[in-house]
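In what follows, residues are counted from 1 in the order of the sequence shown. Keep in mind the model is a prediction, meaning the values are calculated, not measured. For ligands, and for the atoms within them, numbers begin at 1 and follow the listed sequence.
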Amino acid sequence: MHKNVFSVLWLFFVVSILRVSAQGENYTIIVSLDGFRWDYPALYSTPNLQKMAQIGIRAKSMKPSYPASTFPNHYTLATGLVPDHHGIVNNSFWDSVHGIRYSMNDSTTRNNPDYYLGEPIWITAQRQGLKTGNVYWVGSDIAIKHTHPTYYKRYDQKPQISFAARVDTVVSWLKMKKEERPRLIMLYFSEPDGTGHHFGPHSKEVAHEVHLLDSLVGDLMTKIKSLPVAPKVNVIVTSDHGMTEISSDRFIRMKDYLPARWLERTEGANPTSLFIRSGCRDSVLLVLKNVAHIKAYKKEEMPASLHYGTSDRIGDVVVCPDCGWQFGDKPSPNKGAHGYDPASPDMQVAFYAYGPDFKRGYVSNGFVNVDVYPLLAHLLGITPEKTDGDFNRVKDLLKK
Ligand code: AMP
Ligand code: ZN
Ligand code: ZN
């Protein structure tokens with residue numbers, strides 16, 4: 001009897017050791033489809049994502065961090081820190097320490113590593129001896145901590161690699177000999193965000209684009225399947241933020257409420273950071289308090305749920321329009337926008353994954369995008385930095 005118990009325990013011990021070492025040896029690919037709202041697979045044709053959910057997992061939705069925009073959230077996915085902590089507090093912001101405007105569209109500021117705080121996962125992995133590959137993830141072509149991914153592409157270099165060729169780049173990395181092969185691969189596509197802005201999330205153009213991206217995901221899955229390394233490859237497909245319909249009817253003109261003499265400068269849209277002349281902050285707040293469809297907060301009194309307001313790159317007052325509303329100088333000609341409170345359903349994103357470490361046919365109730373960094377660290381078998389994320393919120397996705 002005792003002997004039997006001992007044998008069972010011994011077997012359990014050996015199996016756990018094998019599982020730990022297997023987890024440490026697998027390959028992980030994370031794909032970001034910019035602006036891929038959580039419910040696009042329910043609205044549009046996505047047979048390959050449905051297949052992923054069958055053979056792997058999906059989350060009902062994943063919540064982005066505030067503000068729900070591209071640079072803040074891709075860098076959150078990479079670092080596990082909320083934008084307030086990693087420093088990329090919006091796609092553009094006022095650097096009050098140096099008196100410089102940072103913008104993702106200005107390559108001098110965008111490529112300055114000093115703006116990027118925290119540690120992206122590719123650096124954590126490389127410090128621990130792993131190789132990484134990266135196609136266009138925010139921050140990957142910037143010398144953060146004097147480091148680049150082992151293999152990467154410059155976003156600025158024209159022409160950009162076509163969507164199909166990006167898939168082939170990933171596959172070519174997986175074909176490298178073992179010593180050279182990257183264990184973490186990150187892959188970025190700027191759609192369906194562009195089409196979502198232009199035509200709105202409920203358009204035939206977005207339907208078409210979502211279907212095309214789903215086919216690319218299918219192409220990636222098929223090509224991986226034919227490789228000898230296939231049984232060791234985990235694949236995640238997710239996004240940075242969702243998309244909501246906007247209209248020029250839902251617009252609040254800033255100068256109808258705020259005289260220029262009250263303001264030092266205003267920066268960004270959704271949210272708008274107001275840097276205010278001394279002595280004028282109470283007047284600004286008093287006026288904006290009564291304006292419907294926007295919320296104006298002192299930076300130190302932002303709602304805790306937004307995790308926003310400690311960075312010196314954020315204005316004295318932050319104006320947050322309600323989801324689908326705009327605040328600024330003039331309404332956008334676009335039909336879709338994002339940047340709103342991550343609790344708004346339209347801001348949330350899709351999350352699908354499959355591979356040796358993921359359960360099969362499992363549906364998670366959802367989690368927050370700061371949890372992706374600890375998830376990746378776990379899949380890679382490396383020690384994560386301390387972040388705003390929590391592995392406990394995502395461990396249910398994985399096989400025991
Ligand atoms: P957004 O204004 O938040 O919709 O930003 C989306 C845009 O961010 C895309 O259309 C890209 O042009 C840009 N973008 C995404 N990744 C990068 C990158 N790694 N480097 C420079 N620009 C990028
Ligand atoms: Zn985006
Ligand atoms: Zn966008």
Side-chain angles (χ1 to χ4, degrees), residues 30-38 40 62-79 83 86 88-93 102-113 115-116 120-122 133-144 148-149 152-163 166 169 186-201 203 205-206 209-210 213 237-246 267-272 323-324 326 328 332-340 342 344 346-350 369:
I30 179 164
V31 183
S32 170
L33 309 175
D34 198 315
F36 200 102
R37 201 167 88 176
W38 69 281
Y40 281 174
M62 179 173 79
K63 210 166 147 183
S65 296
Y66 190 73
S69 283
T70 300
F71 264 55
N73 276 284
H74 277 102
Y75 201 55
T76 289
L77 288 162
T79 58
H86 67 48
I88 306 301
V89 297
N90 209 336
N91 283 344
S92 67
F93 55 81
Y102 166 100
S103 168
M104 69 168 194
N105 297 317
D106 162 14
S107 57
T108 315
T109 53
R110 184 188 65 234
N111 294 338
N112 180 349
Y115 284 114
Y116 300 78
I121 186 76
W122 55 87
N134 205 307
V135 186
Y136 296 150
W137 203 276
V138 168
S140 62
D141 56 353
I142 300 167
I144 300 165
H148 282 294
Y152 71 101
K153 307 284 173 188
R154 291 202 172 277
Y155 202 79
D156 281 346
Q157 199 166 326
K158 299 285 167 352
Q160 278 192 345
I161 312 167
S162 72
F163 281 12
R166 292 178 205 189
T169 302
M186 303 178 82
L187 172 59
Y188 170 78
F189 297 98
S190 58
E191 288 288 355
D193 180 78
T195 307
H197 282 298
H198 209 79
F199 298 99
S203 58
E205 289 81 1
V206 166
E209 195 61 45
V210 163
L213 291 160
V237 176
T238 187
S239 185
D240 51 348
H241 53 72
M243 186 67 69
T244 198
E245 236 157 54
I246 54 167
E267 198 53 70
N270 201 4
T272 304
C323 195
Q326 302 176 64
S332 159
N334 283 337
K335 295 207 170 75
H338 50 83
Y340 301 98
S344 323
D346 282 2
M347 291 302 102
Q348 302 191 10
V349 307
N369 72 350

Handout entry: Distance-only donor-acceptor check, side chains His338 and Asp193, under 3.5 Å
Key = yes

Fill in the blank from the handout: Separation between OG (Ser190) and CZ (Phe163), nearest 0.5 Å, reads 4.0 Å

Problem - Metal site the Zn ion (ligand 2): N/O/S of Ser69 inside 2.8 Å - result: no

Handout entry: Asp193 near the Zn ion (ligand 3) via N/O/S, less than 2.8 Å
Key = yes

Practice task
Look up atom OG in Ser65 and atom CG in Asp240, then write down how far apart they are to the nearest 0.5 Å.
Solution key: 11.0 Å

Fill in the blank from the handout: If we number the atoms of ligand 1 from 1 as shown, the ones under 4.0 Å from a heavy atom of Val138 are 16 (N), 19 (N)

Handout entry: Asp34 atom (N/O/S) at minimal separation from the Zn ion (ligand 2)
Key = OD1

Handout entry: Distance-only donor-acceptor check, side chains His241 and Ser69, under 3.5 Å
Key = no

Exercise for the section: Using the six-membered ring wherever Trp is involved, compare the ring planes of Tyr152 and His148 and label them parallel, tilted or perpendicular (cut-offs 30° and 60°). Expected result: parallel

Practice task
Report yes or no: does His338 have a heavy atom closer than 4.0 Å to ligand 1?
Solution key: yes

Handout entry: Backbone or side-chain N/O/S of Asp240 under 2.8 Å of the Zn ion (ligand 2)
Key = yes

Practice task
Assign the ring pair Tyr75 / Tyr116 to parallel, tilted or perpendicular, where the plane angle (0 to 90°) is split at 30° and 60°.
Solution key: perpendicular

Exercise for the section: List in chain and number order the residues that pass salt bridge (charged side-chain N to carboxylate O under 4.0 Å, His left out) with Asp346, two or more places apart in sequence or in another chain; answer none if no residue qualifies. Expected result: Arg37

Exercise for the section: Pull out every atom of ligand 1 sitting under 4.0 Å from any heavy atom of His197, numbered as shown with elements. Expected result: 4 (O)

Handout entry: Heteroatom N/O/S of His338 within less than 2.8 Å of the Zn ion (ligand 3)
Key = yes

Problem - Proximal ligand 1 atoms for Asn91, defined as those under 4.0 Å from one of its heavy atoms - result: 1 (P), 2 (O), 3 (O)

Fill in the blank from the handout: Heavy-atom proximity to atom 15 (C) of ligand 1 ranks first, among Tyr188, Tyr136, Trp137, for Tyr188

Practice task
Decide, counting backbone as well as side-chain atoms, whether His74 has an N, O or S atom less than 2.8 Å from the Zn ion (ligand 2).
Solution key: no

Problem - Proximal ligand 1 atoms for Asp193, defined as those under 4.0 Å from one of its heavy atoms - result: 4 (O), 6 (C)

Handout entry: Atom indices of ligand 1 within 4.0 angstrom of Met104 heavy atoms, with elements
Key = 2 (O), 5 (O), 7 (C), 8 (O)

